[in-house]
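These notes are about the structure you will find just below.
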2 protein chains.
Amino acid sequence: MAVNEGLSRLVARAQPRHRTTAEFVEATLREAILTGVIAPGTPLRQEDLAETFGVSRMPVREALRQLEARALAEFHPHRGAVVAEISAADGADIGAIRMALEPMALRLSLPALTAADLDQAEELIAEMDGEADPGRMGELNRRFHMTLYARAGRPRLLALTEQHLLAADRYLRFQFAALGYRPRSQDEHRALLAACRAGDADEACRLVTEHVGQAAEQLTAFLEGREAG
Amino acid sequence: MAVNEGLSRLVARAQPRHRTTAEFVEATLREAILTGVIAPGTPLRQEDLAETFGVSRMPVREALRQLEARALAEFHPHRGAVVAEISAADGADIGAIRMALEPMALRLSLPALTAADLDQAEELIAEMDGEADPGRMGELNRRFHMTLYARAGRPRLLALTEQHLLAADRYLRFQFAALGYRPRSQDEHRALLAACRAGDADEACRLVTEHVGQAAEQLTAFLEGREAG
DNA sequence: TGCCAGGATATTGGATACAATTTATCACCC
DNA sequence: GGGTGATAAATTGTATCCAATATCCTGGCA
C-alpha cells in the first residue's frame, strides 16, 4: 500500500531517465520533499517506498542516505527516517547561509555576465510579474537568481547555493500553504538586475543580501508565530 | 585482500562506537580521505572495502553514497566510486565558500562569545605555535576557527563551515606532502583573536576574510603550478 | 599498419530471503 | 502508580544470486 497518494502520482509521472535506480528514487523523493508533496515529519518507511517505486529496498536505502546528507531527511537508528522537520531556527539557518553564499556567487559571476544572461534574467522577472502559481513562481525565482550567479565558475559554490535556494523555497511553499499565496512585487529583483547591468558589484551584493535577508526575516516571523501559538 | 594498507590500520584502530555499521564505515572512510590516507583518484571497490571493514557490501554502499553527497567520492555508474580528485579549480571553489561562510559565522557568533571561548582560542594559538606535525596543526587550526564560530547558534551553517574547513585541510595536507611542511606564523590568528576580544565585528570579519583568502590563494598557486607542469 | 566490431571479463547495480538488533509498547506485578 | 519484562514491529545487516554495463582485448578487414 502506498504511504502517500501525492508521491505515487509523482512516481507515475516521473521519467526514470536516470543512470541508476537509486538516483531515480533520490531525485523523485527530493522533489517530493522540496515541493511539499510529502509533509515534514512524514515517516519514510523503506518497505513502503520500495513498493511505491516498484523497486527493492536497496536503492531506497541509498537514496535515503543521500537525502540525509542533504538535510532533507532525518535518521533515527533502528526507527527509520522521517522527512526533515520545518522550524524557525532552521529557516533562519538557511537564510543565513544564503546571505553568505549568494553575494559571493554574484560578485564572482557579475564581471562575466553576458548581455544574453541579463536579458534572460529580465525575461524571468517579466514572467514572475503576475504569476499566480506559487510553485511556478518559486522555480522562476530560483532560475532568476541562478542566472545571475551562473558565470561564477565555481561549481561547488553554485551547487550549494542552489541547494539552499531550494531549501528556502520549501519553506516558502510551506508558508503559502498556511497563509495563502500572495505574489510579491518584482521591484527588488528589478533593482538588483539594474545594478548588475551597471556592473556595480558592491551595490548588487548589497541588494541581494538585503533581498535575501528580508525574505528570511518575513519567513522567520511567520514560523516563530506558528511555533509560539 | 585489503586495497590499502593505511586504511586497514585505520579500521583496526577505529572504535566502532557508531550507531550503525554504515555510519562507522562512512566516518572511517571520510577520515581516511580527509587525512590523505587514501589518495585522490583511488578506486573505492565495494568488495574490497567490505572485506577490509569486515562487513557486507550494503553498509559500504550506503557509506559511499554519503561520501558522494559530501563531494568526497565521485561515482561513475557501473564503474564504481573513486576518491575525489584534487584540482586547482576545486581548491579555489572551497576557498570561495569558506570566504563566504566564515565571516557570516563569525559575525553571528562574536556577540555571544564568552571569555572562556576566547581563552580557549588563545590556548589553541599557543599550541599551534611551534607545532611540528602538520596533521595536528590542521586539527588545531580547525578547532581555533570553530571555537570562534561556535556561538553562532546556526547548526547548519556551522556544519557546512566545518565541512569546508576539513576539505581545505585535505588540500593543505596534500600540499605539505608535496612541498614539505613549513609552519605558518600565528600573527594572523592573534590579530583575529584581538579583534574578537575587542568586539570589533567588522574588523574581525575583514581579518578572517583576508586570512582565508590568502590561504586559498597560496594553495591555488601551488596547485596551478602543479597542473601546468 | 591502422581501425572498427564484437565478445570476454570484471565490477557494479539490484532483488530476495533471512537473521540480528533495537526500539517502543503494553500488560503485569509489586 | 511506577518499574519491569515480554512482545511486536521496524530497521539494520548478511548472504547469495542474477542482470546490466563499462572496459579491455582480440581478430578481422580495409
Side-chain angles (χ1 to χ4, degrees), chain A residues 1-4 7 11 14-30 33 38-39 41-69 72-85, chain B residues 1-4 7 11 14-30 33 38-39 41-85:
Chain A
M1 171 189 50
V3 137
N4 187 298
L7 180 59
V11 172
Q15 304 284 334
R17 258 188 228 292
H18 296 78
R19 299 177 299 178
T20 66
T21 306
E23 289 181 22
F24 165 64
V25 173
E26 196 266 343
T28 308
L29 272 181
R30 186 176 53 199
I33 294 173
I38 320 183
T42 305
L44 295 167
R45 300 217 323 96
Q46 299 176 5
E47 205 102 30
D48 293 351
L49 290 174
E51 194 175 350
T52 303
F53 281 92
V55 302
S56 73
R57 273 174 35 213
M58 182 170 304
V60 170
R61 282 168 68 165
E62 287 184 38
L64 289 178
R65 284 292 176 188
Q66 287 182 295
L67 293 174
E68 183 199 19
L72 293 176
E74 295 165 12
F75 265 75
H76 304 276
H78 292 103
R79 279 196 304 148
V82 301
V83 175
E85 298 284 357
Chain B
M1 170 191 51
V3 136
N4 187 299
L7 180 59
V11 172
Q15 305 284 336
R17 260 188 228 290
H18 296 78
R19 299 177 299 178
T20 66
T21 304
E23 289 181 21
F24 165 64
V25 174
E26 196 266 342
T28 308
L29 272 181
R30 185 176 53 197
I33 294 173
I38 319 183
T42 306
L44 295 167
R45 292 197 49 262
Q46 298 176 4
E47 204 103 31
D48 292 352
L49 291 174
E51 192 175 350
T52 301
F53 281 93
V55 302
S56 70
R57 271 174 51 200
M58 181 171 304
V60 170
R61 281 167 68 166
E62 287 184 38
L64 290 177
R65 284 294 177 189
Q66 286 182 294
L67 292 174
E68 183 199 19
R70 291 181 196 280
L72 293 177
E74 295 164 11
F75 263 75
H76 305 277
H78 291 102
R79 275 196 306 146
V82 299
V83 175
E85 297 285 357

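A, B, ... follow the sequence lines: proteins, then strands. Residue 1 opens every chain. As the structure is a prediction and not an experimental result, all values here were calculated from the model.
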**Message:** Below 4.0 angstrom, which residues in residues 63-72 of chain B have at least one non-hydrogen atom near DNA chain D?
**Reply:** none
**Item:** Atom pair distance, as rounded to whole Å: CZ in R79(B) and C1' in dA20(D)
**Value:** 15 Å
**Asked** In whole angstrom, what separates H78(B)'s NE2 from dT21(D)'s C1'?
**Response** 5 Å
**Request:** Apply the test salt bridge (charged side-chain N to carboxylate O under 4.0 Å, His left out) to residues E68(A) and R65(A): give CA-CA distance (whole Å), side-chain angles for both, the deciding distance (0.1 Å), then the verdict.
**Result:** CA-CA 5 Å; E68(A) 183 199 19; R65(A) 284 292 176 188; 3.3 Å; yes
**Prompt:** How many Å lie between NE2 on H76(B) and P on dT23(D), as a whole number?
**Reply:** 10 Å
**Reported CD-to-OG1 distance for the pair E62(A) and T21(A), which is rounded to 0.5 angstrom** = 9.5 Å
**Prompt:** CD of E51(A) versus P of dA10(D): gap in Å, rounded?
**Reply:** 13 Å
**Spatial distance of atom CG (L64(B)) from atom CG (L72(B)) [nearest 0.5 Å]** = 11.0 Å
**Message:** Classify A22(A) by what it touches in the nucleic acid, base, sugar-phosphate, or nothing, heavy-atom distance under 4.0 Å.
**Reply:** sugar-phosphate
**Message:** With a 4.0 Å cutoff (strictly under), does any side-chain N or O of R61(B) reach OP1 or OP2 of dT12(C)?
**Reply:** no
**Item:** Length of the CD-P vector between Q46(B) and dT21(D), whole Å
**Value:** 16 Å
**Item:** Between P of dA15(C) and CG of L49(A), the distance in whole Å
**Value:** 14 Å
**Prompt:** So how far is it from D48(B) CG to R57(B) CZ, rounded to the nearest 0.5 Å?
**Reply:** 11.0 Å
**Request:** Could you check how far CD of E26(A) sits from C1' of dG13(C), rounded to whole Å?
**Result:** 16 Å
**Message:** Nearest whole Å is fine: how far is dT12(C) P from E23(A) CD?
**Reply:** 16 Å
**Item:** Residue closer to the 5' end of DNA chain C, P77(A) versus T20(A) (nearest nucleotide)
**Value:** T20(A)
**Prompt:** Under 3.5 Å, side chain of Q46(B) to main-chain N/O of R61(B), donor-acceptor pair present?
**Reply:** no
**Prompt:** Counting only side-chain N and O atoms of T21(B), is one of them less than 4.0 Å from OP1 or OP2 of dT12(D)?
**Reply:** no
**Short side-chain N/O contact from R57(B) to OP1 or OP2 of dT14(D), under 4.0 Å** = no
**Asked** Does the side chain of L29(B) come within less than 4.5 Å of I38(B)'s, by heavy atoms?
**Response** yes
**Message:** Judged by each residue's nearest nucleotide on DNA chain D, which is more toward the 5′ side, G80(A) or M58(A)?
**Reply:** G80(A)
**Asked** With a 4.5 Å heavy-atom cut-off, do L44(A) and V60(A) have their side chains touching?
**Response** no
